[in-house]
Peer 1: 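Right, I'll just put the structure down here and ask away after.
Every heavy atom of this structure was used, including side-chain atoms; hydrogens, water molecules and symmetry mates were not. Numbers restart at 1 for each chain; the letters A, B, ... are given by sequence-line order, proteins then strands.
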Amino acid sequence: MQADAYRVWLSEIMLQQTTVAAVKPYYEKFLTLWPGVADLASAEDEAVMVAWAGLGYYSRARNLLKCARAVVGEFGGQFPDTASQLQKLPGIGPYTAAAVAAIAFRDPVAVVDGNVERVVTRLLAIETPLPQAKELVRGALQPLFPTGRPGDLAQAFMDLGATLCSPKRPTCSLCPLHEHCQAYADGQQERFPVKLPKLKKPTRKGAAFVLIRDDQQIWLQKRGPSGLLADMTQVPTTNWSSREDGETSVDASPCKADWQNAGEVRHTFTHFHLELSVYSARLSSGRKTTPASSETLAMGWWSDLDALNDEALPNLMRKVIACAL
DNA sequence: GAATCGTGGAC
DNA sequence: TGTCCAAGATT
């Protein structure tokens, strides 16, 4: 049973705000690279970021490593077996703690994710908007969970929400609970869960600079340790992730070169749209040193264009590089 | 409690 | 194209 906890935990972390289809190849890759929690705990930070690159929400990857090291360092390589203990570990919040405890350790705690919130707010026609309603959902569900196999009940509710009780056009006629569903009885199943209106996303602008040597080496650098895409790899850009920057001109280039306008990349993050103007320049292979002594170039390195899979490049940067080639 | 934090697929 | 949203956590 304990052997499963690592896999349950890994999958639940990856599945936070992420679809099963997107997670699957990453989950398999991680299990191949690091079959157990001790393997992961001893991995290099950079190797984990490279393996996670493209999956998004990169603080999950940093917390994943912190958590693995805590399990090895503080719990002798065994995950704690209750939700309350699990939730003290990095990256494990109320949902993940409950899911791991219920599925791997049969801890009878209510597991409440977005699917369960939707199913239960419909069953009870809860008018309270999310995220307030979350505690009402947990309270309504908890009495059902002191069963012999709480993990199965959790899985059942989540699967129901992921299939029949979908956000739009739920298939109520096939639902095993429709006779008990207040929202269905009222013919208002699509109105739940009630949510507060969302704010419109602003658009930020910036410029990205792709510097390529004749021998197919590209200049990369590391982002800072906090904020958006923290600790990930990038090509030089303007300071687009800070609110005030909107510089899109080649004038912002980090060094002198024959910059060519390569086009524009659009990318949408959780809370804003981004439009990056992409500029590219070629350098002769003889130039082995740092392109310039500019501050914005700071530290960086040359990387082979054929080996970008070994870099911790978020998908935004892959788009930018593809645009410049 | 509200903001922040990625990405890709569905409609 | 725009919007929603997917097995949330952190600050």
Peer 1: Can you tell me how far C1' of C:dC4 sits from CG of A:L199, to the nearest Å?
Peer 2: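 After rounding, the gap between these two atoms is 15 Å.
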
Peer 1: Whole-Å distance between C:dG8 P and A:E117 CD?
Peer 2: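 The distance from CD of A:E117 to P of C:dG8 comes to 8 Å, rounded to the nearest Å.
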
Peer 1: How is A:P131 classified with respect to the nucleic acid when contacts are heavy atoms under 4.0 Å: base, sugar-phosphate, or nothing?
Peer 2: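 No contact.
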
Peer 1: Of A:A22 and A:S226, whose closest DNA chain B nucleotide lies nearer the 5' terminus?
Peer 2: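 It is A:S226 whose nearest nucleotide is closer to the 5' end.
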
Peer 1: Nearest to the A:H271 side chain among B:dC5, B:dT7, C:dT10, which nucleotide is it?
Peer 2: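 For the A:H271 side chain, the nearest candidate turns out to be B:dC5.
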
Peer 1: Any carboxylate oxygen within less than 4.0 angstrom of a Lys/Arg side-chain nitrogen, looking at A:R69 and A:D45?
Peer 2: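 Judged by the 4.0 Å cut-off on N to carboxylate O distance, A:R69 and A:D45 do form a salt bridge.
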
Peer 1: Side chain of A:K198, heavy atoms from C-beta onward: which of B:dC5, B:dT7, C:dC5 has the nearest atom to it?
Peer 2: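 Selected nucleotide: C:dC5.
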
Peer 1: Assess the pair A:F209 and A:W219: is the distance between their ring centroids shorter than 6.0 Å?
Peer 2: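 Ring centres of A:W219 and A:F209 not closer than 6.0 Å.
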
Peer 1: Taking any heavy-atom pair under 4.0 Å as a contact, classify A:V20: base, sugar-phosphate, or nothing.
Peer 2: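 Contact class for A:V20: base.
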
Peer 1: Under the 3.5 Å rule, do the base of C:dG8 and the side chain of A:Y95 count as making a donor-acceptor pair?
Peer 2: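 Not at all, since no donor on one side and acceptor on the other fall under 3.5 Å apart.
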
Peer 1: NZ of A:K88: more than 12 outside heavy atoms within 6.0 angstrom?
Peer 2: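 No, the 6.0 Å shell around NZ holds no more than 12 heavy atoms from other groups.
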
Peer 1: Tell me if the side-chain of A:T18 makes a donor-acceptor pair with the base of B:dG8, cut-off 3.5 Å, by modelled atom types.
Peer 2: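 A donor-acceptor contact between them is absent.
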
Peer 1: More than 12 heavy atoms of other residues, nucleotides or ligands under 6.0 Å from CZ of A:R191: yes or no?
Peer 2: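 Yes, because the 6.0 Å sphere around CZ of A:R191 holds more than 12 heavy atoms from other groups.
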
Peer 1: Compare the minimum distances between each of B:dG6, C:dA9, C:dA6 and the side chain of A:Y58, then state the nucleotide with the smallest one.
Peer 2: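 It is B:dG6.
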
Peer 1: In whole Å, measure the gap between the P atoms of C:dT11 and B:dG6 for me.
Peer 2: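 These two P atoms come out 14 Å apart once rounded.
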
Peer 1: Measure NZ/A:K201 against C1'/C:dC4 and give the value in whole Å, please.
Peer 2: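 Going from A:K201 (NZ) to C:dC4 (C1'), I get 8 Å.
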
Peer 1: So which one's nearest nucleotide on DNA chain C is more toward 5', A:T19 or A:K134?
Peer 2: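 Its nearest nucleotide being more 5', the pick is A:T19.
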
Peer 1: What integer distance in Å separates A:R60:CZ from C:dT10:P?
Peer 2: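 So the two atoms are 12 Å apart, to the nearest Å.
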
Peer 1: Roughly how many Å is it from CD1 in A:I92 to P in C:dG8, rounded to a whole number?
Peer 2: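 Checked: the CD1 to P distance equals 15 Å.
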
Peer 1: Check A:E190 with A:R118, please: is the shortest side-chain N to carboxylate O separation under 4.0 Å?
Peer 2: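 No salt bridge links A:R118 with A:E190.
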
Peer 1: Is there a donor N/O on one and an acceptor N/O on the other, under 3.5 Å, for the side chain of A:T270 and the base of B:dG6?
Peer 2: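 Answer yes: a donor N or O sits under 3.5 Å from an acceptor.
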
Peer 1: Are more than 12 heavy atoms from other residues, nucleotides or ligands located less than 6.0 Å from atom NZ of A:K205?
Peer 2: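 Not more than 12 within 6.0 Å, no.
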
Peer 1: Let me know the distance between NE2 of A:H273 and P of C:dT1, rounded to the nearest Å.
Peer 2: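 The answer, rounded to whole Å, is 13 Å.
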
Peer 1: Show the numbers, then the answer: is there a ring pair (Phe, Tyr, Trp, His ring centres under 6.0 Å) between A:W240 and A:F269?
Peer 2: CA-CA 12 Å; A:W240 54 268; A:F269 293 100; 5.7 Å; yes

Peer 1: Side-chain N or O of A:R118 versus OP1/OP2 of C:dA6: is the shortest distance under 4.0 Å?
Peer 2: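 Answer yes for this pair, as a side-chain N or O of A:R118 is under 4.0 Å from OP1 or OP2.
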
Peer 1: For A:G54, report the nucleic acid contact type (base, sugar-phosphate, nothing); a contact means any heavy atom under 4.0 Å.
Peer 2: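 Sugar-phosphate contact only.
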
Peer 1: Does OP1 or OP2 of C:dG8 have a side-chain N or O of A:Q16 closer than 4.0 Å?
Peer 2: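 It does not, given that no N or O in the side chain of A:Q16 lies less than 4.0 Å from OP1 or OP2 of C:dG8.
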
Peer 1: Roughly how many Å apart are C:dC4 and B:dA3, using the P atom of each and rounding to a whole number?
Peer 2: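 Here B:dA3 and C:dC4 have their P atoms 16 Å from each other.
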
Peer 1: Given atom CG of A:N63 and atom P of B:dC5, what is their separation to the nearest angstrom?
Peer 2: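 That distance rounds to 14 Å.
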
Peer 1: From the set C:dC5, B:dG1, C:dA9, return the single nucleotide nearest to any side-chain atom of A:Q132.
Peer 2: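 Of the options given, the side chain of A:Q132 lies nearest B:dG1.
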
Peer 1: Which part of the nucleic acid, if any, lies within contact of A:T96, taking any heavy atom under 4.0 Å across all strands shown: a base, the sugar-phosphate backbone alone, or nothing?
Peer 2: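 Here A:T96 touches the backbone only, sparing every base.
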
Peer 1: Taking atom P of C:dC5 as reference, at what distance in whole Å does atom CG of A:D113 sit?
Peer 2: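 About 15 Å, once rounded to whole Å.
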
Peer 1: Among the candidates B:dG6, C:dC5, B:dT7, find the nucleotide nearest to the side-chain atoms of A:H267.
Peer 2: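 Given the options B:dG6, C:dC5, B:dT7, the side chain of A:H267 is closest to B:dT7.
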
Peer 1: In whole Å, what separates the P atom of C:dA6 from that of B:dC5?
Peer 2: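 The same atom, P, in both gives a distance of 22 Å.
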
